[in-house]
Amino acid sequence: MILDVDTGNDDAVAVTMAATHPAIELLGCTTVAGNLSLEETTDNTLRVLNAIDRSDIEVHAGLSRPFAPRPYASSASEVEGVFHQSTLPVGTSGLQPRSWHGVEWLIETLRQTTRQVTLIPVAPLTNIAAAITVAPDILDAIDEVVFMGGASTFGNRTAAAEFNVYTDAVAANVVLRAGIRRLTMAALDATHEVLVSQDDLHRYRALGTRAGDVASAVTEYYIGGYKASVGPIEAGSSAPPHDALCVAYAIDPKVLDITEAYVEVDTVSLCNYGRTTVDFHGYRDEPANVRFAKHADSARFHQILDECLRGGTVRSSAGSVSDLVGDDVIACQC
């Protein structure tokens, strides 16, 4: 597996799951600008892996700007920055990625592999679009692409568009039209059916593992962001761990209810820029290009996540991951 991330807080849980589950061989992580700048997403990814004792996993920084510029100016959201910390409160600072050539590393790795690889992009699809545009032959090495993005009903960046797709809509369209044999889309339809609550965070901390501490620390802030921006999702404080659902699916596909459909991205309209149009009924008379996740099994997701967090390195007597950070944590974006 290769993860493509813009780490942020929910990405951190996805990285933790992929790096700790025994069934996954995580070849590396590529980073991209999205939730935060490329420098910040790369640093956060390195921090998370270091915090869970998996700094052996390679990190390669990818592209710092979209595959194609947006035709319209992007207005700042009033909740910009409330979901993702520019520096996650885990791990240590000063770590460096293996390279700043993530797209090249991705191409070389897929060309050289003798086994099929699953790609899990949980970020804008900039790196993936660039790689398959430059080297379309790498599609032969990809078993499946599982990406978090899009929606069939509503957006979370605009009224019409989901964040990852909106941030680089042209890249998303490139990926959708690339002829990938198995392209699975964990959309907002499914991710909003899974919630992590404060009670879950208490359970993660009680596991006594570094992975449990990381998941708890980063999700605490994420829940606060949802509460501050849209109010509690349900009774109590909860948040959907969007990106983690993609890794859970890679571990156990039964966590998602999949429907084949034709999907395209609006890259033209002012009001609907970045919207994913999902044709479940064949109105476009186009063959399905996506395995679209309409629903998710919340109970199964939590079983998978707990399994990952239990399997991490046991916390040392020095205390929790956040206790080990010291004074190098930078104030979050608020």
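Being a predicted model, the structure only gives us computed values, none of them experimental. Positions are given from 1, in the same order as the sequence printed here. Basis for what follows: all heavy atoms, side chains included, without hydrogens, waters or symmetry-related copies.
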Peer 1: Taking T7's backbone N and O only, do any of them form a donor-acceptor pair with N44's side chain (distance below 3.5 Å, no angle check)?
Peer 2: yes
Peer 1: Same cluster or not: are W100 and V134 linked, directly or through other Ile, Leu, Val, Met, Phe, Trp or Tyr residues, by side-chain heavy atoms under 4.5 angstrom apart?
Peer 2: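 In one cluster with W100: V134, no.
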Peer 1: Does CG in D56 sit with more than 12 non-hydrogen atoms of other residues, nucleotides or ligands closer than 6.0 Å?
Peer 2: yes
Peer 1: Quick check: does any side chain N or O of R111 sit under 3.5 Å from a backbone N or O of A141, one acting as donor and the other as acceptor?
Peer 2: no
Peer 1: Can you spot which of D200, D297, V255 makes a side-chain contact (heavy atoms from CB on, under 4.5 Å) with H302?
Peer 2: D200
Peer 1: Within a reach of under 6.0 Å around CZ of R181, are more than 12 heavy atoms found that belong to other residues, nucleotides or ligands?
Peer 2: yes
Peer 1: N9 side chain to Q85 main-chain N or O, any donor-acceptor pair under 3.5 Å?
Peer 2: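 Side chain of N9 to backbone of Q85: a pair is present.
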Peer 1: Does the distance from a Lys or Arg side-chain N to an Asp or Glu carboxylate O, for D199 and R203, drop under 4.0 Å?
Peer 2: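 The answer is no: the pair does not qualify as a salt bridge.
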Peer 1: Describe, in one word, how the ring planes of H192 and Y226 are oriented to each other, choosing from parallel (under 30°), tilted (30 to 60°) and perpendicular (over 60°).
Peer 2: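 H192 and Y226: perpendicular rings.
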Peer 1: Less than 4.5 Å apart, any side-chain heavy atom of P241 and any of F301?
Peer 2: yes
Peer 1: If two hydrophobic side chains count as joined below 4.5 Å and joins carry through other members, does V145 share a cluster with Y262?
Peer 2: no
Peer 1: Would you please classify the geometry between the F292 ring and the F280 ring as parallel, tilted or perpendicular, with 30° and 60° separating the classes?
Peer 2: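 Perpendicular, since the angle between the ring planes exceeds 60°.
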Peer 1: Can a donor-acceptor pair be found, under 3.5 Å and without considering hydrogens, that links the side chain of D6 to the backbone of L36?
Peer 2: no
Peer 1: When hydrophobic residues are tied together by side-chain contacts of less than 4.5 Å, even through go-betweens, does L38 share a cluster with V15?
Peer 2: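 The answer is no; the residues belong to distinct hydrophobic clusters.
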Peer 1: Going by the rule side chain to side chain contact (heavy atoms under 4.5 Å, CB included), which residues pair with A171 if we only count those two or more places apart in sequence or in a different chain?
Peer 2: F67, L125, A129, D168
Peer 1: Give me the one residue out of T31, V59, T41 that meets side-chain contact (heavy atoms from CB on, under 4.5 Å) with L46.
Peer 2: V59
Peer 1: To the nearest 0.5 Å, what is the distance between CD1 (I52) and OG1 (T16)?
Peer 2: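 It is 4.5 Å, given to the nearest 0.5 Å.
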Peer 1: Closer than 3.5 angstrom, by distance alone: can the side chain of T113 be matched with the main-chain N or O of T109 as a donor-acceptor pair?
Peer 2: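 The answer is no, because no donor-acceptor pair under 3.5 Å joins these two groups.
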Peer 1: More than 12 foreign heavy atoms under 6.0 Å from CZ of R182: is that the case here?
Peer 2: yes
Peer 1: So, the side chain of T20 versus the backbone of G311: is there a donor-acceptor pair under 3.5 Å, distance only?
Peer 2: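 Absent.
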Peer 1: Keeping T276 on the side-chain end and A151 on the backbone end, is there a donor-acceptor pair under 3.5 Å?
Peer 2: yes
Peer 1: Do any N or O atoms from the side chain of N156 and from the backbone of F163 form a donor-acceptor pair under 3.5 angstrom?
Peer 2: yes
Peer 1: Which pair of heavy atoms, one from V165 and one from G150, lies closest together, and at what distance?
Peer 2: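 Residues V165 and G150, closest heavy atoms: CG2-N, 3.5 Å.
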Peer 1: Whether the side chain of D4 engages the backbone of V32 through a donor-acceptor N/O pair (distance < 3.5 Å, no angle test) should be reported.
Peer 2: no
Peer 1: Starting at OH of Y204, measure out to CD of E220 and round the result to the nearest 0.5 Å.
Peer 2: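 Here the interatomic distance stands at 12.0 Å.
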Peer 1: So how far is it from H101 NE2 to T30 OG1, rounded to the nearest 0.5 Å?
Peer 2: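 Reported to 0.5 Å precision, the distance equals 14.0 Å.
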Peer 1: Ignoring hydrogens and angles, tell me if any N or O in the side chain of D143 forms a donor-acceptor pair with the backbone of Q116 under 3.5 Å.
Peer 2: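 Flag not set: sc D143 to bb Q116 has no pair under 3.5 Å.
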